[in-house]
Amino acid sequence: MSLKIQRIPESAFPDYRYDVMFKAYKWDLQAGEQSTVGDEVVLLDRQEAEYLAECAKALYHETVQMEHALKSRPDLAVKMGISKDMANRLHACTYEADKHVRFMRFDFHPTKDGWMISEVNSDVPAGYPEASVLPIITEQYFDGYSRHGNFGETLTECLIKHLPKGGTVAYVHDTHTVEDYQILHFLGDLLENEGYRSLYLAPNNVKWSERKAIDIDAIFRHYPMEWMECTEGIDWVSFLNADTPSCNHPLALLTQSKRLPLVWDELGVDICVWKRLLPETVCPCTITDTDNRILKPAFGRVGEGINIPGAVSAEENRDIFEAARKHPEQWVAQRMFQSEPIQGKHVCIGAFVVDGEFAGFYGRAGNQSRIDGNAADVPVLVKEKMEEK
């Protein structure tokens, strides 16, 4: 496995941190007492990077096939922890894939057995400027290495295809947090530079008429679909049935659940790459020996609720086991892989795919094997091709 971690020169780090804040939209640099911007940079061999990109594209196509199959099987959607009402409405909604933009992020981990994935962020991924601007800022410090893909550029190109000239994009998010606003502002600025308008608003502020969002030409949703269903005042059904182009369409919820592996053999879809790269995953109610297995909430994010040994306290571990015991339909038990530390750091590399095209890497690194809110965002650079003489 050809990757290493190097540090930004100490003398350059203050300027780098300043650039990350103002050029990479990282306005909030802290998670509690922990800085979310470190001085580490992940350096990948080009062959390794191209392997991850190809795997991500293959996983994307397999995921889309499972999504389409699940749309016709609301009974299986319910098995994955999706409510019966939501499953039936997703089944009934009209969805034409070519009228929307579809993107995902697959999280890869270096392990003792090679690269493995922990999940797909299918519904509402994050890391947009980190997979776009951060590597560009960092290139100057590492000769022979450069960015590999650019999420912002790829997403902009795909979204523009669905917009009228000068059209308006609504960036739907949780307006109570700066974290969501800063990464959406990055996308909004990219499209404004191309002559489009931006609206930043909560989902309940979107108004509808005849299946169209009023005064909105496209919706970029950064608000998890399962949250929308549970939040009072949100007309989430209109998002499902909208003719307004979406990125992502609510149908993405079907493959967001970590219980997806529990039903994939019933879908009639060839998913050989998923089965090769994801550790064995089962329902907690089927296991008697929890050795070498970890518990994960079906709709957890940012590493929350995962009881990796050594990464959680005894109290948190007990709480997780108790929650999984009471509601096994909302959890999975997954065979644990052995994360391979790179120079003392545990690394996760998220690979973005937009409409089937690889679109960049999002790196995170931490001191423990659970990559959660305490992990720092790290740029991922790839060794440049040698010029032929």
Side-chain angles (χ1 to χ4, degrees), residues 36 52-53 55-64 66-67 70 80-82 100-109 115-132 134 149 151-152 154-155 158 171-174 177 179-180 182-184 186-187 220-228 246-261 264 271 273-274 277-279 281 296-306 332 334 347-366 370-373 375 377-378 380:
T36 58
L52 294 181
C55 284
K57 289 193 294 183
L59 289 164
Y60 171 92
H61 290 294
E62 290 182 1
T63 304
V64 167
M66 287 192 285
E67 201 165 85
L70 279 164
M80 295 192 304
I82 296 172
H100 305 276
V101 177
R102 186 74 178 93
F103 77 105
M104 309 173 194
R105 194 190 80 216
F106 297 91
D107 287 349
F108 289 85
H109 301 258
W115 289 100
M116 302 286 287
I117 59 170
S118 55
E119 63 182 346
V120 58
N121 290 273
S122 182
D123 185 35
V124 181
Y128 313 146
E130 292 87 348
S132 311
L134 210 55
F151 173 79
T154 305
L155 189 281
C158 291
Y171 299 94
V172 176
H173 65 292
D174 180 357
T177 66
E179 183 178 1
D180 288 356
Q182 65 189 4
I183 64 174
L184 294 177
F186 160 68
L187 296 178
F220 188 99
R221 179 176 55 83
H222 191 74
Y223 197 104
M225 198 59 208
E226 76 274 14
W227 292 8
M228 293 180 70
S246 295
C247 177
N248 281 320
H249 186 277
L251 202 74
L253 179 65
L254 289 173
T255 48
Q256 175 65 34
S257 173
K258 294 179 181 64
R259 288 174 63 88
L260 179 63
W264 62 21
I271 47 171
V273 183
W274 260 104
L277 296 176
L278 185 78
T281 304
K296 292 183 173 184
F299 292 101
R301 287 179 169 82
V302 201
E304 62 185 8
I306 303 175
V332 293
Q334 192 172 86
V347 174
C348 172
I349 296 180
F352 279 102
V353 181
V354 182
D355 282 348
E357 179 182 348
F358 170 73
F361 291 124
Y362 167 42
R364 304 186 76 199
R370 186 174 80 170
I371 303 298
D372 55 20
D377 298 321
V378 292
V380 178

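We use all heavy atoms of the structure for the numbers below, so side chains are in, but hydrogens, waters and symmetry mates are not.
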Practice task
Could you give me the CA-CA distance, side-chain angles and deciding distance for Gln334 and Thr281, then say whether side chain to side chain donor-acceptor pair (under 3.5 Å) is met?
Solution key: CA-CA 4 Å; Gln334 192 172 86; Thr281 304; 3.0 Å; yes
Q. Run the side-chain contact (heavy atoms from CB on, under 4.5 Å) check on Leu277 and Phe108 step by step: do they pass?
A. CA-CA 9 Å; Leu277 296 176; Phe108 289 85; 4.1 Å; yes
- May I have the step-by-step check of side-chain contact (heavy atoms from CB on, under 4.5 Å) for Val120 and Leu59, ending in yes or no? CA-CA 9 Å; Val120 58; Leu59 289 164; over 6 Å; no
message: Would Leu52 and Phe358 count as a side-chain contact (heavy atoms from CB on, under 4.5 Å) here? Give the steps.
response: CA-CA 10 Å; Leu52 294 181; Phe358 170 73; over 6 Å; no
key: Stepwise side-chain contact (heavy atoms from CB on, under 4.5 Å) test for Trp274 and Met66   = CA-CA 11 Å; Trp274 260 104; Met66 287 192 285; 3.6 Å; yes
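With a 4.5 Å cut-off on side-chain heavy atoms, Val172 and His222 do not count as touching. Side-chain atoms of Tyr362 and Asp377, non-hydrogen and from C-beta on, do get closer than 4.5 Å to each other. Proximity of Leu253 to Glu226: side-chain heavy atoms (C-beta onward) are separated by under 4.5 Å at one or more points. Looking at heavy atoms from C-beta onward, Arg105 lies out of side-chain contact with Ser122 at the 4.5 angstrom threshold.
Ring pair Phe186/Tyr128: centre-to-centre distance not below 6.0 Å. Ring centroids of Tyr223 and Phe220 are separated by 6.0 Å or more, keeping the two rings apart. In summary, the aromatic rings of Phe103 and Phe151 are positioned with their centroids under 6.0 Å apart.
When only modelled atom types and interatomic distance are considered, Asn248 and Asp123 share no side-chain donor-acceptor pair under 3.5 Å. For the residue pair Arg102 / Thr63, no side-chain donor-acceptor distance below 3.5 Å is found, with atom types taken as modelled. Thr255 and Glu67 form a side-chain donor-acceptor contact under 3.5 Å, judged by distance and modelled atom types alone.
Between the CG atom in Leu278 and the NZ atom in Lys258 there is a gap of 11.0 Å [rounded to 0.5 Å]. Rounding to the nearest 0.5 Å places SG of Cys247 at 9.5 Å from CZ of Arg221. Taken from CG in Asp107 to CD1 in Ile117, the straight-line distance is 9.0 Å, to the nearest 0.5 Å. Once rounded to the nearest 0.5 Å, the distance linking CG of Leu251 with CD of Gln256 reads 13.0 Å. The CZ atom of Phe299 sits 7.0 Å away from the CE atom of Met80 when rounded to the nearest 0.5 Å. Separating the NE2 atom in His249 from the CG atom in Leu254 is a distance of 10.0 Å, to the nearest 0.5 Å.
When every heavy atom of Ala58 is checked against every heavy atom of Val273, the shortest pair comes out as CB-CG2, 3.8 Å.
Open room surrounds CD on Glu179; 12 or fewer heavy atoms of other groups in view lie less than 6.0 Å from it.
Side chain of Glu130 to backbone of Val378: no donor-acceptor contact under 3.5 angstrom is found.
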